[in-house]
Amino acid sequence: MPTNLRDVYGDILGLLHTADSQNQTDIGFHFYEGLAGLVRKMQGAMWHPLHQLWAAAEELRLLFDAHAVWLSVPDEHRSVPEGADPGEAIWEVATLTEEEKKLLAPARAGELTQELKRREAAGLRWDILDRPLGEHLGGALNNSNLASVEGILTVDVPGLNGAAWRLTVFMEHSTRTRETSRDSTRICEAILSAAENTKADIFSRALARLDLPFGHVRPLGRNNPDFWSVDREGFQKESAQFQDRPARFCELYRERFQSIHTILERIYDQMDALLAGERQLRGAETTLIFSYRAPNEDFICFFPTYQQAHSFVKTKEDIEDFLYFWQFQYPRSKAISGWVLATGTCDYTEKFDSDGRWNRWISLCSAEERPAIERQLALVRKFFNTEQGQKFMYLIPIVLRPANGGLRAKTKGPQLQPILMASIGSSKPLARPLRRQLYDLAWQIAPAVEMALFGQLTLEEVYRKEAEVKTVAAFSGGIAHEVLQPLNLLRTKITSLRQLTQNLKIEPDLQSSLREDIDQAKQCIEEIQDIKDTMLNYVKLRQGGGGRFESLNVNRVVAGLVARFASWLDVMRDGSIQVTSNLSPDVGVISADNSQFRTMIRNLLRNADDALAARGVGQVNVSTRIADNWVEVVVTDNGPGMEQAVIEKLKLGERYTTKSLGIGLGFTLIYLSSKEHNGSFDIQSKVGLGTSVILRFPVSAQAME
Amino acid sequence: MATSGLLVDDSKPQLLACKKVLKFWGFEADLATTVDEAESKAESQQYGFALLDYAMPGSPRGPRALIQKLRTKSPACRIFIVTAYPDEAWNTLADLDVPVLEKPLDWEEFKRTLDPSGGL
């Protein structure tokens, strides 16, 4: 698994080398097939919110044109001899080896982009041209004149808790030839380096001379066909205040440009931490489909695998169904690599449909994938059918790796590098439709980020959850004192009453009935206590409070809880539900929070009882064992079992209860407590057969008693 | 071994109920509703065990000094804190290494803790 930039780019250079030897018309398929392999190779270890990466990918697709070769231009070579082709001149003096030039020839010819990363890996840095930006030399469109930059847009979107997101996009013209400009890339790099560069004033003056529609974009409302409002006046005012401080101006734009990368970094770190436990629970399997439909009918989908992307185009169904599908099928964002399928208008898809390789790729989908993929394919087919024929579709493979600081590597060592993109390219400009898509997508980015960070919750749900925690915290605090005090007395009284019944000289039936009443009262108190423990532990964990870890004899505690449960069953279920235990002598002591551990198991026992209560009869078994370096506590019942959809909810720690006034915190607490203990849990259930819940605790924490 | 205990709680009904429960099991107990009262009793009598409430509004000093006195006057005394605020009690009295039991107290378990052999 390559995590080092050099390794990754070594792979990509290898692919380029392979592509270079291929037939020109085949270059796309073979290269991307190889790249897909690389993507799959990297896919398993990466967890990133897809929306944000999609947006960053789109931004960078504009910035890092697929046909660009990023050249380093030393100062002494910037003066191009009269009559010479600036592109050729720059190419010749670029600090590339001959081998690299040969490998990069296809890219320079306008096929692929990758040079930027090579330069970063080599420690090269970009510099600012001291020639006025926007100049054409000899009428040629090339890298050195920035003429192709159409505009620089910033889109402000709201985030949670007052955070603001700013997506900065550089818009470029397409050129008449397949070679599109890399100018926006140069601007980005220049901006990024300007603040640390003595030529910041040159850059800012150069930027100011350009009549580029720098835009601060304000939303006009989704129903307004003209989404964009470019506030040139606002930009001019902003730039004017920095005339004496060009470095600050460049720094400002650098910050804005890097905003999405910074956000991505933060997301990466938080998602990584957030998903660490889930990765353990759920493994590396990831399925994520994202789609976006632009107002102009352009349709963009993102697929985790190349096969899925290709498969997607083969089926046409009602697009509304697909939108429904993705809204309710959207899992927690994990995938970070895959393929973007975008649409345009040309007849390129005819080639796809007639290509036998498409069918082969579709056949590579797994049996599990096929129903979902077929449905996805079906959902978009109608959309793609137009009177003019199928819309153009091209695939943009994205290899995404977490960024460590933006476009430039700052530290040595295994580094996480920014996005690398390559695209087949388009013969039609995408600036206008893509601008709208980016705008709309920018509005989705902020809540999508929060969705990823908070586990797929919408903004409203996040606020509600936070309010809920505060309410529970306040309530729980009240419970701790106001309720527990009388409950303590009640319990003591119950114990005393029970003792008295043992000495009562009354008829055996009456004594038995009295004892039964008292025992049931005692069980009710214990049930209230369990609820109290669940709530207090939930609040503590949600508020980030750590557990009080101590050596805990697993079998002793479990045996005590089973005995307590058996007593409860005897009183409340009259023996119709039985509990048994199988405690492995190999299981010793673990480091655990006593209260959390007991609460987890008590909740599982209660759940088992609830599952069996409706039927009125059943078996519950509690076992302990060592398995694969884990201490496992397993609670099994032969109740009605659970639907898979419910299991998935519970595995994510979502609140769920079958009781009309239930709290539903049982599995939420298990979810949180498992993380707290660096453990995990699993639910195995079959409808009609029963359920097993497995709690796992690290054996490494186990110590000999 | 002394079979007499000291129960400290600001709730008189609670103390009386606890005394009754313990008496059934053969334990005698002195009662105190404040720390000052408990310290006074600990000064003059040895106890085999002590069950101390942690948060008593009438005793802002808390049970720390009482615990230390009990350990001085009754070295064999087994001391327990019973409280609705186990974390707070544990954090505050961690250095004294006193078992903290949560309210509502499980009397059966407490009896087993007091005497694992089943008799005292």
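In what follows, every chain begins at residue 1, and chains take the letters A, B, ... in the order their sequences are listed. Nothing here was measured: the structure is a model prediction, and the numbers come from that model.
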Discussion item. Could you check whether atom CG of B:D97 has more than 12 heavy atoms from other residues, nucleotides or ligands sitting under 6.0 Å from it?
Written reply: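 No, not enclosed.
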Worksheet item: Which of residues 70-77 of chain B get closer than 4.5 angstrom to chain A, counting heavy atoms alone?
Response: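 Residues qualifying by a heavy atom under 4.5 Å from chain A are absent, so none.
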Worksheet item: What pairs of residues pass the ring-ring contact (aromatic ring centres under 6.0 Å, His included) test when at least one of them lies in residues 582-606 of chain A, not counting sequence neighbours?
Response: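 Non-adjacent pairs meeting ring-ring contact (aromatic ring centres under 6.0 Å, His included): A:F597-A:F697.
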Worksheet item: So, for B:Q14 and A:L489, which heavy atoms are closest and what is the spacing to 0.1 Å?
Response: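 That would be OE1-CA, 2.9 Å.
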Worksheet item: Taking all non-hydrogen atoms of both residues, which atom of B:C18 and which atom of A:T492 are closest, and how far apart?
Response: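 Heavy atoms only, the tightest pair is N-CG2, 3.6 Å.
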Practice prompt. Taking side-chain hydrogen bond (donor to acceptor under 3.5 Å, both in side chains) as the test, write out the residues that go with B:E39, two or more places apart.
Written response: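 Partners of B:E39 by the side-chain hydrogen bond (donor to acceptor under 3.5 Å, both in side chains) criterion, ordered by chain and then number, come out as B:R61.
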Worksheet entry | B:S40: partners by side-chain hydrogen bond (donor to acceptor under 3.5 Å, both in side chains), with sequence neighbours left out |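 Per chain and number, B:S40 pairs via side-chain hydrogen bond (donor to acceptor under 3.5 Å, both in side chains) with no residue.
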Worksheet entry | Non-hydrogen side-chain atoms of B:K20 and A:T495 separated by less than 4.5 Å |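 Of all side-chain heavy-atom pairs linking A:T495 with B:K20, none is under 4.5 Å.
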Item to complete: Taking the side chain as every heavy atom from C-beta outward, state whether A:R491 and B:L105 have any pair of such atoms under 4.5 Å apart.
Response: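 Heavy-atom side-chain distance check fails, nothing below 4.5 Å.
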Discussion item. Which residue is it: A:R498, A:K493, A:Q499? I am looking for the one with a side-chain contact (heavy atoms from CB on, under 4.5 Å) to B:V21.
Written reply: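 So the option named by the test is A:Q499.
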